[in-house]
Amino acid sequence: MPVVNPLSKELVFKIVYYGPGLGGKTTSLQYIHVSTKPEHRGKMVSLATPVDRTLYFDFLPVRVPTLRGLAVRLQLFTVPGQVYYNATRRLVLTGADGIVMVVDSQRARADANVESLANLQDNLVEHGRALNETPHIFQYNKRDLPDLLEIEELEQKLNHFEAPSFATVATNGEGIYEALEGVTRAVLEDFERRMPESREFSAKALRLPEGGLTEALRGAGSPVTPQPAEVVAHDEPPVSEMRDSGTRTATPVLDVETATSSLVGEGSRPDSVIIGEGFSFAAIWPAPMRGVVHELEACVLTGDYTRAVMLSEELVSRTLSGAAVLLGGSADRDPATMALLLGLDGRRYLEFRSLVRDARQARLGQPEALAAFAVAIDVRLLASRVGA
């Protein structure tokens, strides 16, 4: 089920693009990103390696035009194509409202498609779900290449539950929006079936804009060639995938200096980020959490460094919980996993947890307090990039 905010009347649906490696999942999201009207798209983040550009996931928030008074946001993810990273596939699949099975139409990739579909069904079972009960579509990609399987043959081999299917060419956008609209209709219809009539807003309000998503989202102008997403490069798998071998990631992270420069321009000191005569980072947090930030900064100034570390831990925990809900999961999702999903360096997160443990057993000094606060700031800035 999607995340529902009754106050803002916003529905957030999570859609996962699944399929074999190099089948067109990332290219599909890239095309959607570069061709969508700016007011309806967020940043696209891709975690990559030299081996396969989608090692972890691509995340693309798309804001759909208001549907009969309800704001709708689509969060589009892809999974890594390699079988080795199945734990990551399963993780990204958590809380998915809809699935786009991206099939490589080339005859030589027939076995890879079957294997990927079987893997999808196995991972859904791990979540207590079944494909026939989950909104999904098939996107038969690479229809511009030679030596392809016919659509009818692909349907027979793969589409066992007669889901909607679309022929696509991700590199030029052919059929991409039609497929996105197809999966969006599927998740809306599923939500309507599951939604009690007594809810505050009627499910009958959930209708796509006139002309569909293609016309509503697509920007004006000539066809767009997909460009690379904002990439966070990884030379190694995420910490969660390599824990047994002791390998650590090398993800670039933000620091306190970066946060300061992003908040306050040269020669400007907005009143909203000032505590007395000092600078405050409270402005980067939502209003309900700013009191904790003010207290933390006061503890640093007065020398209560142990308390400052514990307040940093509260900020990190609340931020990760909020991001987990936004990304289609529950607030109690594993914090370490959420930190990695947001892009925080695994080594820094482990060091932060060590500081918190030390704070519960002994008094700490100013360097430890500032290091913990810096991690809290980084986590908040990373969460804000995905709308949390």
Side-chain angles (χ1 to χ4, degrees), residues 1-6 8-19 25 28-29 32 36 40-42 44 57-68 70-79 88-102 117 120-121 123-139 161 163-166 176-196 199 201-209 212-213 216-217 322-331 333 338 341 386-388:
M1 291 292 286
V3 177
V4 182
N5 187 333
S8 63
K9 292 190 175 181
E10 182 180 66
L11 297 169
V12 182
F13 293 93
K14 178 178 181 179
I15 297 173
V16 176
Y17 282 63
Y18 216 93
K25 303 181 298 296
S28 296
L29 264 66
I32 293 170
T36 297
H40 292 311
R41 73 181 183 216
M44 182 177 180
F57 68 88
D58 294 305
F59 168 70
L60 169 61
V62 175
R63 292 165 180 79
V64 178
T66 301
L67 307 186
R68 302 285 181 89
L70 289 176
V72 174
R73 191 187 327 168
L74 306 177
Q75 294 181 336
L76 311 182
F77 292 76
T78 71
V79 297
T88 304
R89 290 183 186 178
R90 192 184 308 117
L91 174 65
V92 176
L93 200 59
T94 302
D97 297 297
I99 297 168
V100 179
M101 182 66 194
V102 181
L117 179 61
L120 167 62
Q121 293 175 304
N123 283 335
L124 284 173
V125 169
E126 292 291 327
H127 290 293
R129 305 173 66 180
L131 184 60
N132 64 320
E133 298 172 351
T134 304
H136 67 283
I137 69 163
F138 281 83
Q139 180 179 314
F161 303 111
S165 61
F166 303 84
I176 295 300
Y177 274 100
E178 289 75 10
L180 177 60
E181 181 170 333
V183 72
T184 302
R185 288 186 184 277
V187 298
L188 290 178
E189 290 170 1
D190 181 70
F191 180 64
E192 183 172 342
R193 285 194 300 269
R194 297 169 181 268
M195 185 175 178
R199 296 287 288 271
F201 40 83
S202 171
K204 293 182 172 56
L206 296 172
R207 297 292 183 271
L208 291 174
L213 289 184
L217 291 178
V325 172
L326 181 66
L327 296 180
S330 60
R333 183 187 288 182
M338 283 309 307
L341 280 171
V386 297

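We count residues from 1, following the sequence as given.
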Closest contact, heavy atoms only, [X] versus [Y]:
X: Phe138; Y: Ala163; answer: CD1-CB, 4.3 Å
X: Ala179; Y: Ile137; answer: O-CD1, 3.0 Å
X: Tyr17; Y: Ser28; answer: CE2-CB, 4.1 Å
X: Thr94; Y: Lys14; answer: O-NZ, 2.7 Å

Under 3.5 Å, is there a donor-acceptor pair between the side chain of Arg73 and the main chain of Val12?
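Looks like no, no N/O pair under 3.5 Å.
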[X] side, atom [atom1]; [Y] side, atom [atom2] - distance, nearest 0.5 Å:
X: Leu131; Y: Leu117; atom1: CG; atom2: CG; answer: 6.5 Å
X: Leu93; Y: His127; atom1: CG; atom2: NE2; answer: 5.0 Å
X: Ser165; Y: His136; atom1: OG; atom2: NE2; answer: 10.0 Å
X: Arg193; Y: Leu188; atom1: CZ; atom2: CG; answer: 11.0 Å

Counting C-beta onward and ignoring hydrogens, is there a side-chain heavy-atom pair between Val125 and Asn123 closer than 4.5 Å?
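Result no, sub-4.5 Å side-chain heavy-atom pair not found.
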Dump the intermediate steps for side chain to side chain contact (heavy atoms under 4.5 Å, CB included) on Leu76 and Val62, then the final yes or no.
CA-CA 8 Å; Leu76 311 182; Val62 175; 4.0 Å; yes
Ring of Tyr18, cation from Lys25 - is the NZ or CZ under 6.0 Å from the centre and inside 45° of the axis?
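No.
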For Thr134, which residues count as a side chain to side chain contact (heavy atoms under 4.5 Å, CB included) partner, sequence neighbours excluded?
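Thr134 satisfies side chain to side chain contact (heavy atoms under 4.5 Å, CB included) with Ile99, Leu124, Arg129 only.
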